[in-house]
Amino acid sequence: MRISIHKTKNLLLLSEKKTYFRSLGKKLKPIYQMVSKITGGLTEKILTLKILNKYDVDYFKCLETGFIQTEEPYWLAESYSSAITKLDVGLVERNELLRNRIIPILAKYFNTDNLFLDYAGGYGIFTRMMRDKGYNFFHTDIYCDNLFAEFFDLSDLTINSKFELVTAFEVFEHLPNPISEIEKILEYSNNLLFTTVLHPGFDKLQDWWYLIPETGQHVSLYSENSLNYIAEKFGLNFYTDGEGVHLFTDKSFAINPLTPAKLPYVIRTMKRKVDRYFRKVDGIKESLLQKDWSFIKTKLS
């Protein structure tokens with residue numbers, strides 16, 4: 001049997017008149033082999049999930065790097081009917097935590113007198129928070145209104161402005177074509193500090209919270225190997241905390257700049273006791289954030 005293989009941008013369609021189609025009710029769906037959007041190499045199907053509670057979507061792993069991608073995401077227009085999803089109840093707290101985490105890194109390893117850019121920065125909360133702390137941050141997001149950092153937008157600067165560093169928090173997992181889109185971000189700076197949660201391994205994906213099929217927006221999921229591959233592709237060094245914070249940079253550091261400084265045991269113990277005391281005295285209650293997230297996720301299911 002002869003099979004003609006038609007190569008498209010991200011997949012190989014096996015087209016033989018009578019075979020290589022499986023029935024989906026009254027429709028015929030072609031069986032295809034996805035090409036890795038990171039390497040261009042082979043992938044393997046590992047999972048099928050129901051996206052937006054209506055579409056059965058296949059997930060594939062890159063055999064070379066462990067990167068995970070969905071089939072071509074035809075549902076994204078529907079997913080982005082609202083730029084900030086109903087499930088992102090941690091938006092404000094995340095920006096507070098990131099501000100506190102990022103400032104020591106910038107202060108120690110980068111020139112804090114230069115310009116900084118928060119890419120795909122949503123409503124401009126992080127830009128506002130960093131400017132409040134004295135850092136000359138600007139904002140850009142073509143899909144979301146800049147509510148908190150108006151007049152400090154990329155469009156307010158001269159064309160081709162260069163930045164000491166670009167931040168891109170919770171962006172990479174949304175990129176349908178990571179290589180080309182990361183290349184665009186790196187046009188602003190050779191230093192890119194970003195967050196995306198590393199996947200836990202293929203045997204643990206089914207119940208991994210970060211997939212969030214209810215919204216259908218997380219279409220690219222990364223392993224440490226896949227991020228290192230991307231950094232090398234662009235001639236940059238790669239540093240990671242091994243969990244969710246990562247750095248592409250043209251700088252070379254003797255120690256990993258993303259490894260948090262560990263306080264001595266005595267100070268850590270005292271800090272826990274002091275924090276516990278003030279929570280009790282000030283009437284600070286346990287956050288409802290996780291409970292709210294779980295509740296909303298159930299409502300959307």
Side-chain angles (χ1 to χ4, degrees), residues 3-15 20 29-49 51 56-74 76 166 168 170-187 190-213 216-253 256 258:
I3 302 172
S4 60
I5 302 179
H6 303 287
K7 188 171 183 180
T8 66
K9 187 174 183 181
N10 291 311
L11 52 85
L12 296 176
L13 285 175
L14 301 179
S15 62
Y20 300 103
K29 182 175 181 179
I31 300 173
Y32 55 81
Q33 172 66 56
M34 288 292 294
V35 171
S36 171
K37 294 183 178 182
I38 298 297
T39 68
L42 295 177
T43 67
E44 177 181 286
K45 178 184 169 182
I46 55 171
L47 186 66
T48 300
L49 292 177
I51 296 295
D56 290 325
V57 172
D58 294 336
Y59 289 70
F60 300 81
K61 70 174 181 180
C62 170
L63 297 183
E64 183 177 351
T65 68
F67 170 73
I68 296 172
Q69 64 197 58
T70 65
E71 61 183 86
E72 284 303 308
Y74 53 84
L76 287 186
V166 175
E170 299 305 288
V171 174
F172 275 41
E173 62 276 8
H174 295 263
L175 303 179
N177 297 295
I179 296 299
S180 61
E181 293 170 78
I182 292 169
E183 185 175 22
K184 292 177 184 176
I185 302 175
L186 291 172
E187 291 176 359
N190 288 327
N191 301 307
L192 172 56
L193 184 60
F194 61 100
T195 64
T196 191
V197 179
L198 298 177
H199 73 69
F202 306 116
D203 58 335
K204 300 177 182 178
L205 284 179
Q206 186 73 45
D207 299 316
W208 187 35
W209 68 273
Y210 201 64
L211 290 172
I212 318 181
Q217 293 187 3
H218 288 191
V219 297
S220 295
L221 304 155
Y222 302 82
S223 64
E224 188 169 324
N225 284 341
S226 63
L227 291 177
N228 189 62
Y229 181 94
I230 295 170
E232 289 183 352
K233 182 177 182 66
F234 290 110
L236 299 173
N237 296 312
F238 171 58
Y239 299 92
T240 178
D241 70 351
E243 296 178 359
V245 182
H246 320 283
L247 175 66
F248 293 163
T249 179
D250 60 1
K251 299 177 182 292
S252 181
F253 304 109
N256 186 347
L258 302 186

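Computed from a predicted model, the values in this text were never measured in an experiment.
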Distance-only polar pair, side chains of Ser220 and Gln69, donor-acceptor under 3.5 Å: no
Thr196 and Glu173: side chain donor to acceptor below 3.5 Å: yes
Apply side chain to side chain contact (heavy atoms under 4.5 Å, CB included) to the pair Phe238 and Phe248, showing each step before the final yes or no. CA-CA 5 Å; Phe238 171 58; Phe248 293 163; 3.5 Å; yes
Between [X] and [Y], is there a donor-acceptor pair closer than 3.5 Å when you use the side chain of the first and the backbone of the second?
| X | Y | value |
| --- | --- | --- |
| Ser226 | Ser223 | yes |
| Ser180 | Asn177 | yes |
| His199 | Leu211 | no |

Using every non-hydrogen atom in the two residues, find where [X] and [Y] come nearest and quote the distance to one decimal.
| X | Y | value |
| --- | --- | --- |
| Ile68 | Tyr59 | CG2-CD2, 4.1 Å |
| Val219 | Pro73 | CG1-CB, 4.0 Å |
| Ala168 | Val171 | C-CG2, 3.8 Å |
| Ile38 | Pro178 | CD1-CB, 4.1 Å |
| His246 | Thr240 | ND1-OG1, 2.8 Å |
| Thr39 | Ser36 | N-OG, 3.2 Å |

Do Glu72 and Lys37 sit within salt-bridge range, that is, some charged N less than 4.0 Å from a carboxylate O? yes
Residue pair [X] / [Y], side-chain heavy-atom distance below 4.5 Å:
| X | Y | result |
| --- | --- | --- |
| Phe172 | Ile182 | yes |
| Leu205 | Pro200 | yes |
| Lys251 | Asn237 | no |
| Leu49 | Asp58 | no |
| Leu192 | Leu247 | no |
| Phe194 | Ile185 | no |
| Leu63 | Glu44 | yes |
| Val57 | Tyr74 | yes |

Listed by chain and number, what are the ring-ring contact (aromatic ring centres under 6.0 Å, His included) partners of [X], not counting sequence neighbours?
| X | value |
| --- | --- |
| His218 | His174, Tyr210 |
| Tyr229 | none |
| Phe253 | Tyr109, Tyr239 |

Quick one: salt bridge (Lys or Arg N to Asp or Glu O under 4.0 Å) pairs with a partner in residues 220-241, sequence neighbours left out? Arg101-Asp241
Who pairs with Thr70 by side-chain hydrogen bond (donor to acceptor under 3.5 Å, both in side chains), at least two apart in sequence or on another chain? none
Residues that Asp250 engages under side-chain hydrogen bond (donor to acceptor under 3.5 Å, both in side chains), provided they are two or more places apart: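 Partners of Asp250 by the side-chain hydrogen bond (donor to acceptor under 3.5 Å, both in side chains) criterion, ordered by chain and then number, come out as Asn190.
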Using the side chain to side chain contact (heavy atoms under 4.5 Å, CB included) rule, pick out the option among Thr249, Val166, Val245 that qualifies with Leu193.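 For Leu193, the side chain to side chain contact (heavy atoms under 4.5 Å, CB included) test succeeds with only one of Thr249, Val166, Val245, which is Val245.
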Once you round to the nearest 0.5 Å, how far does CG of Leu221 lie from SG of Cys62? 13.0 Å
Tell me, please, whether Phe67 has Lys61 positioned over its six-membered ring: NZ or CZ under 6.0 Å from the ring centre and within 45 degrees of its axis?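 The answer is no, since Lys61 fails at least one limit relative to Phe67.
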